[in-house]
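This is a predicted model, so every value here is computed, not measured.
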Amino acid sequence: KSSVNYTALSQIPAYSRGTGTPAPTPGAVSVSLAPNTPSAATTTKNAQGVEFLRARFTGTGTIASMTMKRLGAGDVNDFDNVYLYDGARRLTSGKSLSSSTGEVTFSNLNLSVSGSRDLSVVADLSATAGNVNYMQVTAVTLSSGTVSGVPISGNNLTVSGSNSGTITMDKVGSIPNPTVGQQGAL
């Protein structure tokens, strides 16, 4: 250890003990379509969890908000809910598209990017047959820093005249006190 003897208060270096979250370092993130973004396709009228677009964020920063817009010859009423996903993990609650602008904004995301990160725009549909929709990322904001590359657009998704299949499950009987891995519990 070395020690220093200060003879005046002005010789002591400035010091502060961190007592909270440090201010974010300004970042720069570019947005592009991920190579594995869904291609143009046809889906059923009541499809759930349909991926419309996969965006790749490259750089360093923290995504604070994202705005998407529905475009194409379809209608905002084709959509029940829109979500953001990171792989198979849903990041947001479902939101409705604005009936006047066709936009939806996800705020307070706090999603860090260091290198690259892919996020998907996923929707539940109750669409009209023949309608064609696609999604566009129109705006991205960082907690601090700059974003380039927006807008980016996904591919057309055409709605067929068919409905998705359904499954109905009924509970029959009960198991009084099962143990995990128990044989012959029924």
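To the nearest 0.5 Å, atoms CG (N36) and CZ (R56) are separated by 6.5 Å. Annotation: the span from D118 atom CG to T58 atom OG1 amounts to 8.0 Å, rounded to 0.5 Å. Separating the CG atom in L91 from the OH atom in Y85 is a distance of 9.0 Å, to the nearest 0.5 Å. Residue I63 holds its CD1 atom at 10.0 Å from OG of S143, rounded to the nearest 0.5 Å. From D75, atom CG reaches atom CZ of R70 across 6.5 Å, with rounding to the nearest 0.5 Å. For the atom pair CG (L111) and CZ (F106), the distance works out to 11.0 Å, reported to the nearest 0.5 Å.
Between S160 and T42, the shortest heavy-atom contact is CB-CG2, 3.7 Å. Closest non-hydrogen pair, A129 versus G161, comes out as CB-CA, 3.6 Å.
Not a single donor-acceptor pair under 3.5 Å links the side chain of K95 to the backbone N or O of Y83. Formation of a donor-acceptor pair under 3.5 Å by the D124 side chain with backbone atoms of D80 is not found in this model. Checking side-chain atoms of S98 against main-chain N and O of T101 turns up a donor-acceptor pair under 3.5 Å.
One hydrophobic cluster, built from ILVMFWY side chains closer than 4.5 Å, holds both V82 and L109. Under a hydrophobic-cluster definition in which Ile, Leu, Val, Met, Phe, Trp and Tyr are linked whenever side-chain heavy atoms come within less than 4.5 Å, directly or via other members, L71 and L53 are assigned to different clusters. L119 and Y134 are assigned to two separate hydrophobic clusters, defined by single-linkage of ILVMFWY side chains at heavy-atom distances under 4.5 Å. Note on V76 and V50: same hydrophobic cluster, where clusters join Ile, Leu, Val, Met, Phe, Trp and Tyr whose side-chain heavy atoms are under 4.5 Å apart, directly or indirectly. Grouping the Ile, Leu, Val, Met, Phe, Trp and Tyr side chains by contacts below 4.5 angstrom, directly or via other members, places L84 with V113.
Here the side chains of N163 and T44 are not in contact, with every heavy-atom distance at 4.5 Å or above. Counting heavy atoms from C-beta outward, L125 and T43 have side chains that approach closer than 4.5 Å.
Donor-acceptor pairing under 3.5 Å is recorded for the side chains of S65 and T141. Donor-acceptor pairing under 3.5 Å is recorded for the side chains of S164 and N46.
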Go through the steps for T62 and N110 under the test side chain to side chain contact (heavy atoms under 4.5 Å, CB included), then give the verdict.
-> CA-CA 6 Å; T62 301; N110 196 32; 3.3 Å; yes
Could you check S112 against R117 for side chain to side chain contact (heavy atoms under 4.5 Å, CB included), going step by step and ending with a plain yes or no?
-> CA-CA 9 Å; S112 64; R117 184 173 191 172; 4.2 Å; yes
Would V137 and T67 count as a side chain to side chain contact (heavy atoms under 4.5 Å, CB included) if you check the C-alpha gap in whole Å, the side-chain angles of each, and the deciding distance to 0.1 Å?
-> CA-CA 6 Å; V137 175; T67 301; over 6 Å; no
Intermediate values then yes/no, side chain to side chain donor-acceptor pair (under 3.5 Å), S120 and E51 | CA-CA 7 Å; S120 297; E51 184 178 20; 2.5 Å; yes
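For an aromatic pair to be called close, the ring centres must be under 6.0 Å apart, and F79 with F52 satisfies this.
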Using a 3.5 Å cut-off and no angle test, enumerate the donor-acceptor pairs between side-chain atoms of residues 146-159 and protein atoms at least two apart in sequence or in another chain.
residue	atom	partner	partner atom	Å
S153	OG	Q136	NE2	2.9
N155	ND2	P38	O	2.8

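Checking V104, V140, T105, L97 one by one against M68, the side chain to side chain contact (heavy atoms under 4.5 Å, CB included) holds for a single residue, V104.
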